[in-house]
Amino acid sequence: MVEHARWFDRLAYAVLVLGSLLVCLPVLYAVIVASLPAGRESEAIYLVPGAHLWENLALAWQKEHLGRQLWNSLVMAVGITVGKLAISVLSAFAVVYFRFPLRMTAFWLIFITLMLPVEVRIVPTYQVAANALLPLNTLLGLVGIQAQLNWNLLDSYLGLILPLIASATATFLFRQFFMTVPDELTEAAKIDGAGPLRFLWRILLPLSTTSIAALAVILFIYGWNQYLWPLLITTDAEMTTAVIGVARTLPTEDADAQWNLTMATAILATLPPVVVVLVLQRWFVRGLVDTEK
């Protein structure tokens, strides 16, 4: 039996409180700055909130068309989350339960893409997004057919979502989970006449609920925080995302700093992922620590 020392409990609580303060202090500072009037942001160093929080939030909402930007970010984050989960589940299911030539080679090719983040492949990805049929034109050119097919994904939700929906990490995690499912369960499904898709839908997916929920939270935040890709492929103000909207409120050489509006915009842009984390918190924790698998 493990004996608990009182001094160790106090030390653990002290470390927990210190860590909480370090995490919450920047958020508290942002709220305080957002509550101050213009030109008095330096007073936030005293950690005393002002009386203009709601006024600054309303001004930030109207000034940067933040409602449209939040909607664009929401569509992008949800699309990336759903796309990554769907492709990863199907990829892992194919690798684990089907036997076909070069099966493991295909898996390791997917896994190697972990070493190729968006920043590394940003130029070819942009070229494909500018004309999604460019690879088809190239293949047709190899057989002597000159085609000029064009499908432009710039300034569109498809352009924001499609290039980012492949996930080697999620594929690997689902593969590892599917490999822990007993073979007897697969055999029982075959005896009952369940086909592959029915086995996936009725058995594997319900067993993967906690893993899907945990990954959904991570992938939603990943999609919401995207900056470089939306900045590159969107030129229309109607397609700007919330993260870019926050960046555009930062002061420039020719403009005065309005840190209260910048912080107010950042707070509004942070609320949706915070809500997602709070709503799915229990499932997220279970997906990380569940040992019943």
Side-chain angles (χ1 to χ4, degrees), residues 26-38 41 44 50 52-85 117-119 122 125-126 128-130 132 152-165 167 216-280:
V27 179
L28 176 62
Y29 185 79
V31 173
I32 293 176
V33 172
S35 66
L36 296 174
E41 292 87 350
H52 299 268
L53 177 61
W54 300 111
E55 176 185 343
N56 290 335
L57 289 175
L59 184 59
W61 181 275
Q62 298 171 1
K63 182 179 179 181
E64 298 296 331
H65 304 287
L66 195 58
R68 177 68 183 184
Q69 295 173 0
L70 290 174
W71 172 253
N72 294 337
S73 293
L74 180 63
V75 172
M76 180 180 178
V78 171
I80 290 175
T81 302
V82 174
K84 281 181 176 289
L85 289 176
V118 176
E119 292 77 10
I122 194 74
T125 305
Y126 177 84
V128 173
N152 191 346
L153 299 180
L154 303 181
D155 286 319
S156 67
Y157 290 127
L158 284 177
L160 288 171
I161 296 171
L162 284 180
L164 302 179
I165 62 173
S167 176
V217 174
I218 297 173
L219 296 177
F220 182 88
I221 296 175
Y222 165 83
W224 185 273
N225 290 336
Q226 286 299 310
Y227 174 75
L228 180 60
W229 180 246
L231 179 65
L232 185 63
I233 74 161
T234 57
T235 56
D236 187 356
E238 292 295 318
M239 297 302 300
T240 302
T241 60
V243 176
I244 297 177
V246 173
R248 289 180 178 174
T249 64
L250 296 175
T252 60
E253 297 179 357
D254 301 327
D256 296 331
Q258 292 183 303
W259 289 109
N260 56 342
L261 295 184
T262 299
M263 294 301 181
T265 306
I267 291 172
L268 291 173
T270 306
L271 289 180
V274 169
V275 171
V276 170
V277 172
L278 292 178
V279 171
L280 298 178

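The shown structure was predicted, so the numbers you read here are calculated from the model rather than taken from an experiment. Index from 1, following the sequence.
Once rounded to the nearest 0.5 Å, the distance linking CD1 of Ile161 with CE of Met76 reads 7.5 Å. Note that the OG1 atom of Thr234 and the CG atom of Leu160 stand 6.5 Å from one another [nearest 0.5 Å]. Expressed to the nearest 0.5 Å, how far CG of Asn225 lies from CZ of Phe220 amounts to 9.5 Å. The line from CD1 of Ile233 to CH2 of Trp229 is 5.0 Å long, rounded to the nearest 0.5 Å. Note that OH of Tyr157 is 7.0 Å distant from CH2 of Trp71, once rounded to the nearest 0.5 Å. Distance CD1/Ile32 to CG/Asn260: 13.5 Å, rounded to 0.5 Å.
When side chains are defined from C-beta on, Trp224 counts as touching Leu70, because their heavy atoms get closer than 4.5 Å. Here the side chains of Leu261 and Leu59 are in contact, with some heavy-atom distance below 4.5 Å.
Between Val33 and Met263, the shortest heavy-atom contact is CG1-CG, 3.5 Å. Across every non-hydrogen atom of Asn56 and Ser35, the tightest pair is ND2-C, 4.0 Å. When all heavy atoms of Pro272 and Leu268 are compared, the closest pair comes out as CD-O, 3.4 Å. Residue Gly67 comes nearest to Trp61 through the heavy atom pair CA-CZ2, 3.5 Å, listed as atom of the first residue, atom of the second, then distance.
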Please table the atom pairs, donor to acceptor, closer than 3.5 Å between any side-chain atom in residues 237-245 and protein atoms at least two apart or in another chain.
| residue | atom | partner | partner atom | Å |
| --- | --- | --- | --- | --- |
| Thr240 | OG1 | Ala237 | O | 3.3 |
| Thr240 | OG1 | Arg248 | NH1 | 3.4 |

Exercise for review: Tell me, with the steps shown, if Tyr126 and Leu153 meet side chain to side chain contact (heavy atoms under 4.5 Å, CB included).
Suggested key: CA-CA 9 Å; Tyr126 177 84; Leu153 299 180; over 6 Å; no

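Checked by atom type and distance alone, the side chain of Asp236 never pairs as donor or acceptor with a backbone atom of Asp155 at under 3.5 Å. When atom types are taken as modelled, the side chain of Thr265 and the backbone of Val246 share no donor-acceptor pair closer than 3.5 angstrom.
When each of Ile122, Val128, Thr125 is checked for a side chain to side chain contact (heavy atoms under 4.5 Å, CB included) with Pro163, only Thr125 meets the rule. Under the side chain to side chain contact (heavy atoms under 4.5 Å, CB included) test applied with Leu219, the options Leu164, Thr81, Val78 reduce to a single match, Thr81. Partner of Val275 under the side chain to side chain contact (heavy atoms under 4.5 Å, CB included) criterion, out of Val277, Val279, Leu278: Val279 alone.
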